[in-house]
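Heads up, the thing below is written out as structure tokens.
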Amino acid sequence: MCGIVGYMGNREAYPILVKGLHRLEYRGYDSAGVALVNSNGDLSIYKTKGRVSDLEEFCQSKDTTGMIGIAHTRWATHGEPNNVNAHPHYSESENLALIHNGIIENYAVLKARLMQNGYHFKSNTDTEALIQLIEYIKKQNKVDLCTAVQLALGQVVGAYAIAVMEKGQPDLLIAARKSSPLVLGIGDDEFFIASDASPIIEYTNKVIYLEDEEIVIVKRNLQPKIVTIGNVEKTREIIELEISLNELEKGGYDHFMLKEIFEQPRTLRDCMRGRIDVSCSQVVLSGIIDHKERFRNVKRIIILACGTSWHAGLIGEYLFEEFCRIPVEVEYSSEFRYRNPVINPDDIVIAISQSGETADTLAAIEQARQAGAFVYGICNVVGSSIARNTHSGSYTHVGPEIGVASTKAFTAQLLVLAMMALSVAHEKNTLTEERYLRLLNELNVIPDKIEWILNTTNDSINNLSKIFTYAHNFIYLGRGYNYPVALEGALKLKEISYIHAEGYPAAEMKHGPIALIDSEMPIVIIATDNGMYEKVISNIQEIKARNGRVIAVVSEHDTVVKAIADYVIEVPATEDCFDPLLTTIPLQLLSYHIAVNKKRDVDMPRNLAKSVTVE
Ligand code: M6R
């Protein structure tokens, strides 16, 4: 949550910072601000409630000169989104400015102490306590800014990625991190810092990912120096990134979400490339091959994730249990970490996260590692904290996902889980060779089938969406592999249209939710021709008997459901276990079109952020 960006170099900082904020806006977008030090050493802060575009408007009449600056786009934790709580924050003397992503958990204690020492606070944020503390320590101990930052961070409990600047110091930028991501970009005589590489990639592909409790001191015309809070000097590897600018732009689509939905045939092909051999006779996942003994002998798998990634985990459970006969538990990371779970040293923990930065998942991984479990990560963001804090893993390789609502990352997570389960099943001999090969061949044609769905159904789903735009509630139902798809469909609709929606296993309906059904209630039900088909038809009959309005996702050429449902959306037939890869696509499109009809901000829905780096 919150995006931070900083620049020092030979160009004007402001345009680079604002462009960077636009790229980071998916991380939080309730207020934005910038701090600049001009060539005379004057330090100015401009900030406002609202979007980055509001900041640009606000800055039109301001002096935004300076070749060093820091900027922030906020997702509020402490203090409502307003002009005062927006970052950057000044210190008492207004000689220092700071931006922060994370939470200072002991801010109340620090603030009380500082107030006793005559410090005044303007905002309700936790962040202001940190910049005040830095100044207090700097003055009390008569030390330079870097030492003051080190000493202050030594007193902080919580998570942070910060950047600090000082009045009169146009050649000095200091940044630090703990549990919140921070990347240093290295250009020709210019340096960048940011929450992720997206604001940097336009200028350089050379980056360093800072580790926890590291501080980078950037001085003009010198190589950046990395030290720990305890003042131990560190050398970090420079990584060359492969993201292109093109991947960060909308490419002609109205929204990133629509672009990302339509990218799925390609992203899934990319995700499979080199992992399913051309003859479709084996899966080659190096993360599994390197640890095949462990996977062959494992007694239990625990899957940890949040949100959409948790839904992928539920489908992973079905896949591993069906293909490999390994018991699987799927847990919300946020529950797992606080409930004293039983973790055995021979467990395999699979952590799933698009961003690779989700705070609860990171903490749950740490707990599993402490207990001696082997942790496998499925992440999209290369070099992310989860990717670096796991023993092994697989990237989903779908490129940056900018829309806050996860789409292409979800289907790639499903694909990776399917490839993993197939690979382990092959090791364990729990599938016949004939079924193994059939499944591999089917997986290989899934991108073509998604292409078909996108080309055939988008217009009709757009028309259908107009009928339901003003519904107040939705129910999503599915069974077997399609039950988590129902959960995901409901989450997608809630997130971007703000319509209340619930997902249930279809058979659970009669245990309570059926009371909600009347002629006003739209029910999206996944009724493809699979092992649960007859059972789902009975569920549809139960709904129709109560006048519910049924939108059914059915297999191509279905006639039975078509005769009883109010509306149908067809998808091609596939193996039951791969149904979610197809049935999720129309549900993505349905929520997208409803949200557009409602004029919602599809890519940046209210209250949400792409990367949830606070617990
Ligand atoms: O980056 P992660 O996959 O760890 O994020 C987990 C959730 O925050 C995320 O899936 C969230 O639910 C999305 N907004 C869903 O669209």
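One-based numbering, in listed order, for ligands and for the atoms of each. Throughout, residue positions are numbered sequentially from 1 according to the sequence presented.
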* Structure fact -> The atoms of ligand 1 lying under 4.0 Å from a heavy atom of Ser353, numbered in the order shown, are 1 (O), 2 (P), 3 (O), 4 (O)
* Asked: Any idea which protein heavy atom is nearest atom 13 (C) of ligand 1, and the distance to it?
  -> Glu495 OE2, 3.4 Å
* Asked: Looking only at heavy atoms of Val612, does any of them come nearer than 4.0 Å to an atom of ligand 1?
  -> yes
* Asked: Is a salt bridge present between Glu214 and Arg236, judged by a nitrogen-to-oxygen distance below 4.0 Å?
  -> yes
* Please determine if Thr308 has a nitrogen or oxygen closer than 3.5 Å to a nitrogen or oxygen of ligand 1. => yes
* Quick one: list whatever passes salt bridge (charged side-chain N to carboxylate O under 4.0 Å, His left out) with Glu357, sequence neighbours left out. => none
* Structure fact -> Quick note on ligand 1: atoms under 4.0 Å from a heavy atom of Ala405 include exactly 16 (O)
* Asked: So is Thr361 in contact with ligand 1, going by heavy-atom distances below 4.0 Å?
  -> no
* Do His500 and Phe474 have ring centroids that are under 6.0 Å from one another? -> no
* To do: Using only heavy-atom distances, determine whether the side chains of His291 and Tyr376 contain a donor-acceptor pair under 3.5 Å.
  => no
* Is Lys250 positioned over the aromatic face of Phe256, cation under 6.0 angstrom from the ring centre and no more than 45 degrees off axis? -> yes
* Check each atom of ligand 1 against the heavy atoms of Ser309 and keep those under 4.0 Å away; list them by number with element. => 2 (P), 3 (O), 10 (O)
* **Atoms in ligand 1 with a heavy atom of Lys492 nearer than 4.0 Å** => 15 (C), 16 (O)
* Structure fact -> Value for CD (Gln588) from CD1 (Ile496), rounded to nearest 0.5 Å, stands at 9.5 Å
* **Which residue and heavy atom of the protein sit nearest atom 6 (C) of ligand 1, plus the separation** => Cys306 O, 3.3 Å
* Asked: How far is atom 4 (O) of ligand 1 from its nearest protein heavy atom, and which residue and atom name does that atom have?
  -> Thr358 OG1, 2.4 Å
* Ring centroid separation for Tyr483 and Tyr504, is it under 6.0 angstrom? -> no
* With heavy atoms of Val404 as the reference, note each atom of ligand 1 found under 4.0 Å away. => 13 (C), 14 (N), 16 (O)
* **Minimum-distance protein heavy atom relative to atom 1 (O) of ligand 1** => Ser355 OG, 2.6 Å
* To do: Applying salt bridge (charged side-chain N to carboxylate O under 4.0 Å, His left out), name anything that partners Lys492, two or more places apart in sequence or on another chain.
  => Glu488, Glu495
